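Scroll down for the structure; my scribbles are underneath it.
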Amino acid sequence: MSLSSGVPRLVDAVLDRAVVPGYSRLGIALRRGFWADDDPRGGALAGKTAMVTGANSGIGKATAEALARLGATVLLTVRNRERGEKARDEILDTVPDAQVRVEVCDMSNLGTVRAFAADLVNRVPGIDVLVHNAGVLPEARSETSEAHEITLATHVLGPILLTEALLPILGTSGGARIIFVSSGGMYTQSIPVDDLEYRQGDYRGAVAYARTKRMQVALTPILARRWAAQNASVYSMHPGWVATPGVAASLPGFQRLTAPILRTPADGADTIVWLAATARAPESGLFYHDRRPRTEHYLPHRRDDESAVRQLWTFCADAAEISPNRS
Ligand SMILES: NC(=O)c1ccc[n+]([C@@H]2O[C@H](COP(=O)([O-])OP(=O)(O)OC[C@H]3O[C@@H](n4cnc5c(N)ncnc54)[C@H](OP(=O)(O)O)[C@@H]3O)[C@@H](O)[C@H]2O)c1
């Protein structure tokens with residue numbers, strides 16, 4: 001039985017529209033009943049290399065563990081080596097034959113990302129899966145040393161630059177899958193074309209977070225077209241509401257209120273792992289949740305027009321110092 005047939009389709013649609021149950025552990029528990037025959041097969045990633053950013057915690061760590069279990073060599077890409085090594089050791093405790101390595105890169109600093117990628121392309125023959133998972137929800141506005149607002153730099157600029165700089169080794173062994181871990185929070189925002197760095201008005205971390213998660217989703221089709229020549233598929237996705245150290249620290253009220261219904265990190269990683277490892281690459285350029293493409297807009301007034309997306313893309317390409325029209 002699959003999510004696209006009869007009753008499962010109806011249950012799936014109801015969960016989607018009802019939001020809270022759909023994003024909760026109930027949503028994935030119900031949907032899981034319909035996709036048992038669609039799990040990536042054992043050893044699906046044997047011989048492949050996967051990079052996961054923000055891999056020392058929460059969803060990133062669960063993703064890294066699951067990818068390693070499927071046979072991938074996993075590059076745990078973290079901003080703090082000690083935290084990365086602790087995560088690596090914990091993954092090895094549960095998957096003793098895992099091939100996991102710690103790489104250090106602060107995803108919010110474009111100079112660091114550029115230097116990291118330049119070094120990596122000389123050390124690693126190929127990357128088959130790239131998971132842009134690193135995320136922050138700050139209390140107050142802050143800028144990187146390169147004067148970019150922190151959520152924009154971490155969720156949008158750093159990942160675009162990293163992917164672009166890794167192109168020489170991306171998908172060299174038959175295609176790559178690139179996954180942006182976005183958030184359903186993006187439904188509440190549209191692209192703030194006139195204030196991409198969030199300099200105007202009262203700064204709210206949750207708004208900055210949702211805006212930049214919206215940007216990831218809005219850019220996914222453009223990036224899918226751009227990187228298609230690399231035989232790369234590009235996805236954005238929402239993991240559901242997941243109990244992680246990040247949620248506990250940034251949204252303690254939400255965590256307290258929703259604790260009984262939050263997903264586990266492994267649940268949150270499920271669609272990332274499926275996108276990375278299911279036998280046939282799912283359709284590129286779309287936004288996924290619980291193994292299905294989902295609408296990018298529920299609220300008509302949040303819909304971005306083409307010119308807003310184009311302006312965002314030009315801004316990002318300029319900030320990352322890449323040509324916006326690479327062919
Ligand atoms: N949990 C949810 O309910 C939920 C819902 C929707 C979307 N998401 C998304 O899922 C992703 C993972 O979140 P999580 O809930 O698992 O949170 P988490 O436990 O806080 O994990 C976030 C990870 O990102 C890393 N990170 C932050 N800034 C970084 C940087 N500049 N460079 C490199 N790594 C950096 C953190 O490293 P440190 O440990 O060093 O801080 C941490 O490993 C995020 O993109 C988040 O937006 C989560």
Side-chain angles (χ1 to χ4, degrees), residues 19-20 22-25 27-28 51-65 75-88 90-91 102-113 116 131-138 142-146 148-159 161-162 179-188 205-206 208-217 236-252 254-255 257-259 261-272 287-290 294:
V19 181
V20 174
Y23 289 175
S24 74
R25 61 167 57 202
I28 192 164
M51 167 175 280
V52 182
T53 68
N56 59 289
S57 174
I59 296 166
K61 183 172 161 222
T63 300
E65 180 179 321
L75 310 181
L76 305 176
T77 306
V78 300
R79 59 178 163 181
N80 176 287
R81 181 172 291 282
E82 250 178 39
R83 289 200 284 274
E85 287 175 351
K86 182 165 178 286
R88 180 199 57 201
E90 287 166 1
I91 291 173
V102 176
E103 300 283 350
V104 179
C105 180
D106 179 340
M107 285 301 299
S108 70
N109 186 291
L110 300 181
T112 303
V113 169
F116 168 68
V131 182
H132 293 301
N133 165 80
V136 280
L137 198 166
S142 69
E143 287 188 354
T144 65
S145 58
E146 297 159 324
H148 294 298
E149 188 277 326
I150 191 75
T151 65
L152 178 71
T154 309
H155 301 155
V156 183
L157 303 179
L161 177 59
L162 179 63
I179 300 152
F180 286 82
V181 181
S182 181
S183 167
M186 65 93 191
Y187 284 120
T188 64
Y209 174 87
R211 284 179 175 179
T212 52
K213 293 291 172 181
R214 157 65 66 197
M215 293 179 204
Q216 292 180 321
V217 174
S236 48
M237 60 77 66
H238 171 48
W241 291 338
V242 184
T244 63
V247 166
S250 310
L251 299 169
F254 175 79
Q255 154 102 2
L257 199 69
T258 56
I261 61 160
L262 289 181
R263 298 178 173 202
T264 65
D267 290 341
D270 178 87
T271 293
I272 305 172
F287 174 64
Y288 287 78
H289 170 60
D290 282 353
R294 306 286 167 178

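In each ligand, atom 1 is the first atom listed, and ligand 1 is the first ligand listed. Given the structure is predicted, the values throughout are model-derived calculations rather than measurements. In this chain, residues are counted from 1 in sequence order.
- At a 3.5 angstrom cut-off on N or O pairs, Val247 does not count as close to ligand 1.
- Near Pro239, the atoms of ligand 1 lying under 4.0 angstrom from a non-hydrogen atom of the residue are 5 (C), 6 (C), 7 (C), 8 (N).
- Nearest-residue assignment for atom 43 (O) of ligand 1 (options Asn109, Val52, Asn56, Leu262; heavy-atom criterion): Asn56.
- When each of Lys86, Glu82, Glu85 is paired with Val102, the side-chain contact (heavy atoms from CB on, under 4.5 Å) condition holds for Glu85 and for no other.
- In terms of protein heavy-atom proximity, atom 33 (C) of ligand 1 is nearest to Cys105 O, 3.6 Å.
- Scanning the protein for heavy atoms near atom 25 (C) of ligand 1, the closest one is Gly54 CA, 3.6 Å.
- Protein heavy atom at the shortest distance from atom 10 (O) of ligand 1 is Val181 CG1, 3.4 Å.
- Near Ser108, meaning under 4.0 Å from one of its heavy atoms, ligand 1 places the atoms 31 (N).
- The protein atom (non-hydrogen) at minimum distance from atom 14 (P) of ligand 1 is Thr244 OG1, 3.5 Å.
- Closest to atom 34 (N) of ligand 1 among all protein heavy atoms lies Ala134 CB, 3.5 Å.
- Counting only non-hydrogen atoms, the option in Val113, Asn80, Asn133 that gets closest to atom 12 (C) of ligand 1 is Asn133.
- When each of Thr53, Val113, Leu75, Val78 is tested with Cys105 by the rule side-chain contact (heavy atoms from CB on, under 4.5 Å), just one qualifies, namely Val113.
- Side-chain atoms of Asn133 come within 3.5 Å of backbone N or O of Gly54 as a donor-acceptor pair.
- The closest non-hydrogen atom to atom 46 (C) of ligand 1, taken over Tyr23, Phe180, Tyr209, comes from Tyr209.
- Checked for salt-bridge contact, Lys61 and Glu65 miss the test: no charged N lies under 4.0 Å from a carboxylate O.
- Numbered from 1 in the order shown, with element, the atoms of ligand 1 that lie under 4.0 Å from a heavy atom of Trp241 read 3 (O).
- At the shortest separation from atom 3 (O) of ligand 1 among protein heavy atoms lies Val242 N, 2.8 Å.
- Note: His132 and Phe180 have tilted aromatic rings, judged against thresholds of 30 and 60 degrees for the angle between ring planes.
- By heavy-atom distance, the residue among Ser183, Gly246, Gly240 lying nearest atom 4 (C) of ligand 1 is Gly240.
- Taking a cut-off of under 4.0 Å to the non-hydrogen atoms of His238, the atoms of ligand 1 that pass are 6 (C).
- Under a 4.0 Å heavy-atom criterion, Ser182 is in contact with ligand 1.
- No donor-acceptor distance shorter than 3.5 angstrom exists from the side chain of Asp106 to the backbone of Arg79, with no hydrogens or angles considered.
- Here the protein heavy atom with the shortest distance to atom 32 (N) of ligand 1 is Met107 N, 2.9 Å.
- With a 4.0 Å heavy-atom cut-off, ligand 1 is reached by no atom of Lys61.
- Of the candidates Gly58, Ser57, Ala55, Ser57 brings a heavy atom nearest to atom 18 (P) of ligand 1.
- In the vicinity of Asp106, heavy-atom distances shorter than 4.0 Å reach the ligand 1 atoms 30 (C), 31 (N), 32 (N).
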Is there a side-chain contact (heavy atoms from CB on, under 4.5 Å) between Asp290 and Ile28 once you walk through the steps? CA-CA 7 Å; Asp290 282 353; Ile28 192 164; 4.0 Å; yes

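- Protein heavy atom at the shortest distance from atom 40 (O) of ligand 1 is Arg83 NH2, 2.7 Å.
- Between Arg263 and ligand 1 there is no heavy-atom distance shorter than 4.0 Å.
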